[in-house]
Amino acid sequence: MAASPLSSSSALSKPISKHHSFSLNTPQKVPFPVLPKTLQKPSSFPCNHVLYPQKSQFTTSSKNPISDFFSANKNEDGLVPPFSDDDDDKPREECGVVGIFGDPEASRLCYLALHALQHRGQEGAGIVAVNNNVLQSVTGVGLVSEVFNESKLDQLPGEMAIGHVRYSTAGSSMLKNVQPFVAGYRFGSIGVAHNGNLVNYRALRAMLEDNGSIFNTSSDTEVVLHLIAISKARPFFLRIVEACEKLEGAYSMVFVTEDKLVAVRDPHGFRPLVMGRRSNGAVVFASETCALDLIEATYEREVYPGEVLVVDKKDGVQSVCLMPHPEPKQCIFEHIYFALPNSVVFGRSVYESRHAFGEILATEAPVDCDVVIAVPDSGVVAALGYAAKAGVPFQQGLIRSHYVGRTFIEPSQKIRDFGVKLKLSPVRGVLEGKRVVVVDDSIVRGTTSSKIVRLIKEAGAKEVHMRIASPPIIGSCYYGVDTPSSEELISNRMSVEEIREFIGCDSLAFLPFESLKKMLGSESPNFCYACFSGKYPVMPREVKVKRVGDFLDDGLNGPMDSIDGGWIHGPRDLNIGKEIDPLYQKSNI
């Protein structure tokens with residue numbers, strides 16, 4: 001049931017690490033050739049095959065689905081994990097990537113940049129550095145600070161490095177899927193870090209296995225390495241181009257070889273990737289500009305959708321057009337929730353976007369109140385915008401603990417709303433006897449929101465009015481975001497009034513969808529709104545739907561028969577010949 005925007009009541013672990021070294025064959029140096037016609041820039045895509053700093057202005061495109069489903073909430077050993085955090089009811093960004101070329105402390109800078117991107121993934125981290133034609137890898141389970149220390153970084157010398165942070169379920173079985181991946185093939189070795197999902201992963205993997213490829217992980221990223229290895233294109237960057245032409249889905253990737261750093265973004269630009277430069281000339285790629293800020297790199301521009309950027313000592317930075325694309329489809333949730341407020345994503349300030357969302361809510365869903373508070377941390381900037389526009393003071397009514405892991409020991413005597421109470425503590429002096437507006441970035445399943453409302457009322461609030469700085473989420477994401485299946489999305493099942501009753505607040509309002517698009521102005525068509533509209537830029541041919549708590553798509557765990565068993569085929573896969581239903585469920589087949 002579609003949700004209207006407003007409703008009110010009449011009444012009121014210890015890290016596990018691994019290290020690998022890979023020797024590289026020194027390839028014959030080949031100058032950049034004139035691109036074949038198929039790779040030269042189309043008229044609609046002013047991407048230049050020239051030495052940077054010649055810059056380009058152009059548009060982008062849209063296309064890429066995927067989500068994963070496992071029937072049982074068990075780890076690879078068949079064990080139910082310990083009490084886990086089921087109260088973090090938010091979509092999750094899969095990962096963040098970093099690439100650095102031309103700095104003698106590349107791995108240490110990579111380490112710091114990954115710290116800045118920690119919000120994009122907390123379950124695993126890794127760095128690959130190149131020194132004397134050797135790719136040295138350190139990866140591990142845990143936070144960046146847990147995986148790396150002084151001695152680990154000492155093992156990663158060199159002027160070139162790539163890094164990766166990822167989100168996934170906990171457990172040692174996931175170590176094999178922690179990126180960056182490194183592989184050797186006939187022309188040397190290559191490392192890759194990937195943010196996004198490949199929607200045709202299953203078909204590509206089957207094709208490669210039929211031709212004799214052997215896979216070490218269950219990650220879709222490994223497919224990219226196999227495609228590069230079997231390519232006969234020359235020089236090296238054309239192998240990447242040829243491999244990417246076979247990919248469907250969302251991907252922002254950085255590659256490293258013995259002498260080159262390569263950054264690639266899919267033709268649709270779903271996931272962000274930016275380029276910057278340090279004062280010593282070192283080139284830096286990262287998922288967000290906040291990573292550039294920490295290592296004192298100056299933001300220069302985005303990696304354009306459909307662009308391959310090749311960096312080496314001989315030619316500097318060269319730009320190659322991957323393929324044409326009519327229109328960008330950038331993930332709007334980067335501005336709503338994923339990115340840090342101090343980042344610039346898709347050319348827009350995240351802080352300014354969220355502040356504007358709050359102002360719109362105050363204008364279009366006003367309510368008499370005494371104080372405005374936020375659900376920290378992602379709701380803070382929107383709450384500031386709401387308070388400023390409404391002329392009501394903003395105060396910290398909820399204090400967030402930043403020291404809670406993803407698993408914790410609950411006392412034998414059950415504590416109601418235990419997970420939320422561990423993370424959020426109400427400030428009675430702010431809330432008691434007050435009419436409170438609570439601003440949050442989104443509602444996914446509604447379970448956490450109901451607990452937060454109860455927490456605030458137990459602290460003495462007279463009224464609780466929820467304001468949500470995004471439209472209702474009615475569809476799962478197939479473009480690189482970990483979201484529940486559509487039947488678990490509360491806005492897909494209930495009206496706004498029914499949601500209000502479920503979470504127990506006095507009034508509830510979402511950011512109106514049309515107002516969001518109006519705020520974005522001329523850039524509005526460049527964003528993907530599939531989770532709000534159910535209209536997908538490109539329908540997935542291989543639909544996988546994930547249930548809450550299941551494994552992540554960019555690093556699937558478990559045996560391949562579990563993965564295949566989790567696939568939900570769209571009608572075209574079943575040769576029905578009908579349009580694919582984006583909310584197609586297993587029970588429909």
Side-chain angles (χ1 to χ4, degrees), residues 1-7 60-67 90-91 93 197 199 249-250 268-271 305 325-338 345-346 348 353-354 356-357 360-361 364-365 440-446 468-496 498-499 508-541 543-546 568 570-571 578-585 588:
M1 185 182 302
S4 55
L6 175 64
S7 179
T60 58
S61 135
S62 71
K63 247 182 199 166
N64 28 56
I66 193 168
S67 232
K90 298 292 178 188
E93 176 57 65
N197 290 335
V199 71
H268 324 296
F270 281 92
R271 309 257 65 84
H325 48 280
E327 190 176 65
K329 289 297 170 189
Q330 302 159 152
C331 177
I332 188 61
F333 243 88
E334 293 283 350
H335 279 266
I336 289 170
Y337 175 69
F338 297 138
V345 175
F346 308 135
R348 297 180 66 96
S353 292
R354 292 179 187 170
F357 298 158
I360 293 169
L361 280 170
E364 303 206 17
D440 202 357
D441 60 272
S442 59
I443 294 181
V444 180
R445 289 175 293 154
I468 308 302
S470 68
I473 300 173
I474 64 169
S476 298
C477 178
Y478 300 101
Y479 306 114
V481 177
D482 177 27
T483 52
S485 55
S486 57
E487 74 266 20
E488 292 180 284
L489 299 170
I490 193 168
S491 293
N492 190 49
R493 297 183 289 108
M494 299 182 183
S495 67
V496 172
E498 289 170 332
I499 297 171
L508 170 66
F510 290 86
L511 180 70
F513 184 31
E514 291 305 317
S515 300
L516 168 63
K517 293 196 289 186
K518 184 178 178 182
M519 187 276 286
L520 294 170
S522 61
E523 296 177 26
S524 176
N526 296 345
F527 286 90
C528 174
Y529 308 104
C531 54
F532 304 138
S533 66
K535 297 177 181 177
Y536 293 85
V538 174
M539 290 297 182
R541 290 186 293 108
V543 182
K544 291 195 290 181
V545 178
K546 197 168 14 200
I568 300 174
K578 298 178 182 177
E579 189 69 16
I580 290 179
D581 178 1
L583 306 180
Y584 208 80
Q585 299 301 321
N588 298 129

Exercise. Give the minimum heavy-atom separation between Glu364 and Pro512, together with the two atoms involved.
Key: OE1-CG, 3.3 Å
Quiz prompt | Ser476 OG to Glu488 CD distance, which is reported to the nearest 0.5 Å | solution = 8.5 Å
Exercise. Quick one: pull up CD1 in Ile468 and OG in Ser491 and give me the separation to the nearest 0.5 Å.
Key: 9.0 Å
Self-check item: CA sep, side-chain torsions, deciding dist, call: Phe333, Cys477, side-chain contact (heavy atoms from CB on, under 4.5 Å)
Solution: CA-CA 10 Å; Phe333 243 88; Cys477 178; over 6 Å; no
Self-check item: Side-chain donor/acceptor of Asn492 to backbone N/O of Ser486, under 3.5 Å
Solution: yes
Quiz item: Tell me, which pairs form a salt bridge (Lys or Arg N to Asp or Glu O under 4.0 Å) where one or both residues lie in residues 469-481, sequence neighbours left out?
Solution: none
Quiz item: Does His268 use its side chain to pair, donor to acceptor, with the backbone of Ala250 at less than 3.5 Å?
Solution: no
Quiz item: How far does CZ of Phe513 sit from CD1 of Ile474, to the nearest 0.5 angstrom?
Solution: 8.5 Å
Quiz item: With Phe357, which residues qualify under ring pair (Phe, Tyr, Trp, His ring centres under 6.0 Å), at least two apart?
Solution: none
Practice problem: Please step through side-chain contact (heavy atoms from CB on, under 4.5 Å) for the pair Ile490 and Val444, ending with a clear verdict. | Solution: CA-CA 6 Å; Ile490 193 168; Val444 180; over 6 Å; no
Quiz item: What closest approach, in Å, do Glu334 and Val345 show between heavy atoms, and which atom pair accounts for it?
Solution: CB-CG1, 3.9 Å
Quiz item: Taking only residues two or more places apart in sequence, or in another chain, which ones meet Ser524 in a side chain to side chain donor-acceptor pair (under 3.5 Å)?
Solution: Tyr529
Exercise. Apply side-chain contact (heavy atoms from CB on, under 4.5 Å) to Leu516 and Ile332, showing your working.
Key: CA-CA 10 Å; Leu516 168 63; Ile332 188 61; 4.3 Å; yes
Exercise. Output the distance between atom CZ (Phe346) and atom SG (Cys331), rounded to the nearest 0.5 Å.
Key: 6.5 Å
Practice problem: Locate the shortest heavy-atom distance separating Ala530 from Tyr536; write the atom from each residue and the value. | Solution: CB-CD2, 3.5 Å
Quiz item: How many angstroms lie between CZ in Phe338 and CZ in Arg271, if you round to the nearest 0.5 Å?
Solution: 6.5 Å
Quiz item: When rounded to the nearest 0.5 angstrom, what distance separates CE in Met494 from CD1 in Ile443?
Solution: 11.0 Å
Exercise. May I ask you to decide if Ser495's main-chain N or O and Glu498's side chain share a donor-acceptor pair within less than 3.5 Å?
Key: yes
Quiz item: Closest approach of Glu523 and Arg348, non-hydrogen atoms and distance?
Solution: OE1-CD, 3.2 Å
